[in-house]
Amino acid sequence: MNTNTILVALGAFLASAVEMVEALTIVLGVGVVRGWRAPLTGAAVAAVTLGALVAILGPALDSIPINALRLVVGALLLTFGLQWLRKAILRSSGFKALHDEDDAFREERERAAGAPHLKKAGLDWYAFTVAFKGVLLEGLEVVFIVVAFGSAQGELGLAILGAVAAFVLVAAAGLLAHKPLSRVPENTIKFAVGLLLTSFGCFWAAEGAGVDWPADEASLVAVIAFFGAVSFVLVRTLRRQRLVSAIAPVDA
C-alpha cells in the first residue's frame with residue numbers, strides 16, 4: 001500500500017465524516033421533535049440512493065482511458081477542493097463564521113416543531129422528506145469525492161471502505177450521544193479535506209495532461225506541503241489584515 005492509496009482512503013474518510021456530521025444534525029433535529037421512524041426511514045432511503053449512484057458511476061468510469069479520466073477528475077477535484085480550502089481559510093482567519101452544529105440543531109428543531117403534521121404511507125411526511133433531502137444533499141458531495149478518488153487512483157473499493165467507515169463511526173457516535181457532534185473539529189477536517197482535494201486535483205490533472213512528476217507518486221506529498229504552506233501564509237496574512245482593520249477605527 002503506497003502513500004497515494006493511504007491518502008485516498010484518508011480523504012474519503014474525512015470528507016464523508018464531516019458531511020455525515022452535518023447530515024446527522026438534520027436527522028437528530030427532526031427526530032427528537034417528530035419521532036424517529038420517519039426520519040430514519042428517509043435517511044435510509046437516501047443512503048440506498050447514494051449507494052446506487054456509486055455502484056453505477058464507479059464501473060462506468062472504468063471504461064474511460066486513465067489519462068483522460070485523471071485530467072477530467074483532476075480538474076473537477078481542483079475546482080471543488082479550492083472551494084473547500086477557500087472557506088476553511090476564511091473561517092480560520094475569522095472572516096467567515098465557524099459552522100455551529102448546536103445552532104443548526106436548534107434551528108432544525110424549531111422548524112420541525114412548527115411544521116404541519118401530514119401523514120403519507122404511514123409516515124410523517126415532513127420528517128421523512130427533511131431527513132431524506134438532508135442526507136442526500138450532504139451525501140452527493142461524498143459520492144463525488146469517493147468516485148473521483150477511487151476511480152482516478154484505481155482504488156474505488158478502498159475509497160468506499162473509507163466512506164463507509166466514516167458513516168458507521170458518525171452514526172454510532174450520534175446514537176450514543178443523542179445530540180449533535182458539536183465537539184468534532186469540523187473546520188480543521190474541512191481544511192484537511194480541502195488540501196487533499198486540491199492537491200490530488202492538481203497532481204492528477206497534470207498527470208492526465210502528460211506531466212511526468214519527478215519521484216512519481218512521492219511528488220504528491222510535496223504538492224500537499226506546497227498548498228498547505230500557501231494556505232498557512234494566507235491565514236496569517238488575513239488574520240493580520242482583520243486585526244489591523246479592527247484597530248484602525250479606534251486609532252482614528
Side-chain angles (χ1 to χ4, degrees), residues 13-54 80 83-146 163-194 242:
F13 175 83
L14 292 177
S16 301
V18 74
E19 295 296 343
M20 288 303 102
V21 165
E22 295 181 6
L24 175 68
T25 299
I26 296 171
V27 174
L28 286 174
V30 176
V32 295
V33 176
R34 315 278 294 212
W36 294 104
R37 181 167 173 256
L40 289 178
T41 302
V45 173
V48 170
T49 304
L50 293 169
L53 283 175
V54 173
F80 200 52
Q83 291 177 358
W84 278 56
L85 203 52
R86 172 182 169 275
K87 291 177 182 178
I89 289 171
L90 290 175
R91 290 191 185 100
S92 296
S93 60
F95 277 91
K96 185 177 178 67
L98 294 174
H99 183 73
D100 191 321
E101 291 298 334
D102 287 328
D103 285 346
F105 180 63
R106 183 171 56 254
E107 291 171 4
E108 198 62 61
R109 281 190 307 174
E110 290 172 356
R111 285 194 292 267
H117 287 266
L118 175 64
K119 291 278 188 178
K120 287 187 179 181
L123 293 172
D124 180 340
W125 199 242
Y126 173 85
F128 175 87
T129 54
V130 167
F132 174 79
K133 287 190 293 184
V135 174
L136 185 67
L137 292 177
E138 299 293 347
L140 284 174
E141 290 191 33
V142 174
V143 168
F144 168 72
I145 292 170
V146 167
V164 170
F167 173 80
V168 171
L169 182 63
V170 171
L175 287 173
L176 290 173
H178 281 284
K179 62 180 181 180
L181 304 180
S182 54
R183 299 185 70 176
V184 172
E186 275 193 63
N187 193 58
T188 302
I189 296 176
K190 287 179 177 179
F191 215 129
V193 172
R242 184 168 174 267

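Source: prediction; values computed, not measured.
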Q: Can you name the closest pair of heavy atoms from G31 and P39 and give their distance?
A: CA-CG, 3.9 Å
Q: Could you grab the distance from atom CZ of R91 to atom OG1 of T188, nearest 0.5 Å is fine?
A: 11.0 Å
Q: If I compare all heavy atoms of I189 with all of L14, which pair ends up nearest, and what's the gap?
A: CG2-O, 3.7 Å
Q: Search all heavy atoms of L85 against all heavy atoms of G194 and return the closest pair with its distance.
A: CD1-C, 4.0 Å
Q: Specify the closest pair of heavy atoms between A46 and L136, including all atoms of both residues, with the distance to one decimal.
A: CB-N, 3.8 Å
Q: Kindly indicate, with the supporting measurements, whether the criterion side-chain contact (heavy atoms from CB on, under 4.5 Å) is fulfilled by L53 and L140.
A: CA-CA 9 Å; L53 283 175; L140 284 174; 3.7 Å; yes
Q: Can you measure from CZ (F128) to OG1 (T41) and round to the nearest 0.5 angstrom?
A: 7.0 Å
Q: I need the E138 CD to L24 CG distance, nearest 0.5 Å.
A: 11.0 Å
Q: How many angstroms lie between CD in E110 and CZ in F105, if you round to the nearest 0.5 Å?
A: 11.0 Å
Q: If you look at every heavy atom in A47 and V135, which pair is closest and at what distance?
A: N-CG1, 4.5 Å
Q: Where is the tightest heavy-atom contact between G29 and A112, given as atom of each residue plus distance?
A: O-CB, 4.2 Å
Q: Mind checking what makes salt bridge (Lys or Arg N to Asp or Glu O under 4.0 Å) contact with R111, not counting sequence neighbours?
A: E108
Q: Please assess V130 against I26 for the test side-chain contact (heavy atoms from CB on, under 4.5 Å), listing each intermediate value before the final yes or no.
A: CA-CA 8 Å; V130 167; I26 296 171; 3.7 Å; yes
Q: For F191, check ring pair (Phe, Tyr, Trp, His ring centres under 6.0 Å) against everything at least two apart and list the hits.
A: none
Q: I'd like to know whether F80 forms a side-chain contact (heavy atoms from CB on, under 4.5 Å) with Q83, so could you lay out the CA-CA distance, the side-chain angles of the two residues, the decisive distance to 0.1 Å, and finally the verdict.
A: CA-CA 5 Å; F80 200 52; Q83 291 177 358; 4.2 Å; yes
Q: Would you say F167 has more than 12 foreign heavy atoms packed within less than 6.0 Å of its CZ?
A: no
Q: Counting C-beta onward and ignoring hydrogens, is there a side-chain heavy-atom pair between W36 and L28 closer than 4.5 Å?
A: yes
Q: Listing request: all salt bridge (Lys or Arg N to Asp or Glu O under 4.0 Å) pairs with a residue in residues 22-35, at least two apart in sequence or in separate chains.
A: E22-K190, R34-D124
Q: Does atom CZ (R109) have a neighbourhood of more than 12 heavy atoms from anything else shown, all under 6.0 Å?
A: yes
